[in-house]
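Just below is one structure, and these are the notes that go with it.
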2 protein chains.
Amino acid sequence: MKTLSDKQSRIIDFLHRFLNERGYPPTIRDIQNGCQISSTSVVEYNLRILEREGHIRRVREISRGIELGARRVVRVPIIGHIAAGEPIPVPTSDSWNMEELESLELTEELTRGKEGVYALKVKGTSMIDALIGDGDLVLMQQVATAENGEMVAVWLKREREATLKRFYLESGRVRLQPANEEMAPIYADPENVAIQGKVIGVIRKL
Amino acid sequence: MKTLSDKQSRIIDFLHRFLNERGYPPTIRDIQNGCQISSTSVVEYNLRILEREGHIRRVREISRGIELGARRVVRVPIIGHIAAGEPIPVPTSDSWNMEELESLELTEELTRGKEGVYALKVKGTSMIDALIGDGDLVLMQQVATAENGEMVAVWLKREREATLKRFYLESGRVRLQPANEEMAPIYADPENVAIQGKVIGVIRKL
DNA sequence: ATTGTATTAGAACAAGTGTTCGAGGAGAGA
DNA sequence: TCTCTCCTCGAACACTTGTTCTAATACAAT
């Protein structure tokens, strides 16, 4: 990738600022004014280069048809809370009905493009062994089964307990390993373990 | 806020999808086709209502001049890592020079519009008492001083130790309280405490 | 029936906007 | 000097797009 000319990095910079401030991309003439460029064709010329070099993507013939990078924003519903003695909420078809529901806006940097992502708010300190505290938000992905080593939300039927642990299926039993490695694992009967979702992230706002 | 008509929620929905998929807002005619609406003036009519009700913001006379909600995306630089025995990196003027630096794209939902936000990657398990594990990302805000009760990154000069704790200035001494309330606080001489930044969030990707 | 409000239809205008083109300048290398 | 490439200039064209206007329909309240 060649090094950007002064004018080109000014354009990229302006693109970021404009998009951030206004919510929609600039026109060629916006760029012209914003970057003190003398002619629209000079802008066009440089945009062509920036596109060739992969810095931006353009949709031709369309006003403001400029994108830069993947700035996808995803709306994730907070479908409930997770606490020691309560069952873990599982997404149902109507819990995706955002409009009313509390929700979280995240970049795909965090959801990593996964489908069926939702969030749970942690109540209480019962998940401390997973390095998760009161008020933290747990990012979950809807899954049917889990791979060994993945962090999952499990419901222990017999104990009527909800917890977040790393999941390992060993010969005939399930090992649930706390994230805090200094703590001892729990062993459980596979029948007793209901996997409610995969944990793909934790967010703590202070 | 009145309840949205069917057509209106279809429009809001379409707006979200279009913006998410293409990176720029739709034209009125895009909306017309996308929502099976018969005339541009019907779209105009409903957009006017949506604007009045505060669901969207429009910039008149400008193509694709539609914004919905604050979907501001912020680029946060990861300026270094934080580990037990190492000094905590502090942002310098040139560490904001994103282009080369590793960085994180977040919504303002997480930075909450704060200025001077940066991130540090945690190495090792020394911050476990703050419920922060290896590989976690700590969102920091550049500050000169801290209020009582805020979570701060401190450098204990004498002990040559970096840690994240809640900060309390008590008569003549500083109390540093681990986030995990079961653990005992540390008391330190104010002279020995260098506040490197305020912790505004934690992000864990799994 | 009458009035009024909310909504829709279709068309047309004017400004916004991407694109193109020919001509020209600046600098590097032969 | 000649030539080549990279870059600039200004204007013009044609399509895109926001806006507006008039007429028409639906439906409830008076």
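Here is how names work: the chains are called A, B, and so on, in the same order as the sequence lines, proteins then strands, and each is numbered from 1.
B:Ile49 comes within 4.0 angstrom of the backbone, heavy atoms only, and of no base.
Remark: B:Arg17 pairs with no residue by the salt bridge (Lys or Arg N to Asp or Glu O under 4.0 Å) rule, at least two apart or across chains. Residues satisfying the side-chain contact (heavy atoms from CB on, under 4.5 Å) criterion with B:Arg175, sequence neighbours excluded, are B:Tyr168, B:Glu170, B:Gln177, B:Pro185, B:Tyr187. For B:Lys157, the side-chain contact (heavy atoms from CB on, under 4.5 Å) criterion is met by B:Trp155, B:Asn192, B:Ala194, not counting sequence neighbours.
When the P atom of C:dA6 is taken as reference, atom CG of B:Asp6 falls 19 Å away, rounded to whole Å. Following rounding to the nearest Å, B:Ile11 (CD1) and C:dT7 (P) show an atom-to-atom distance of 12 Å. C:dA6 atom C1' lies 14 Å from atom CD of B:Glu53, rounded to whole Å. Between B:Tyr45 atom OH and C:dT5 atom P there is a gap of 12 Å when expressed in whole angstrom units. In this structure, the CD atom of A:Glu51 is 13 Å from the C1' atom of C:dG18, given to the nearest Å. Between the C1' atom of C:dT19 and the CD1 atom of A:Ile31 lies a distance of 14 Å, rounded to the nearest Å. The OH-P distance, from B:Tyr24 to C:dG18, rounds to 12 Å in whole Å.
A close approach under 4.0 Å does not occur between any side-chain nitrogen or oxygen of A:Asn46 and OP1 or OP2 of D:dC6.
Among residues at least two apart or in separate chains, ring pair (Phe, Tyr, Trp, His ring centres under 6.0 Å) pairs with a member in residues 23-53 of chain A are A:Phe18-A:Tyr24.
Atom CD1 of B:Ile66 is separated from atom CD of B:Glu51 by 9.5 Å, given to the nearest 0.5 angstrom.
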Exercise. Can you give one letter per nucleotide of nucleotides 17-28 of chain D, going 5' to 3': B for a protein heavy atom under 4.0 Å from the base, S for sugar-phosphate only, - for none?
Worked result: BBBBB-------
Name each donor-acceptor pair under 3.5 Å that joins a side chain in residues 145-154 of chain A to protein atoms two or more places apart or in another chain, with its distance.
residue: A:Asn148; atom: OD1; partner: A:Leu169; partner atom: N; Å: 2.7
residue: A:Glu150; atom: OE1; partner: A:Glu147; partner atom: N; Å: 3.0
residue: A:Glu150; atom: OE2; partner: A:Lys198; partner atom: NZ; Å: 3.3

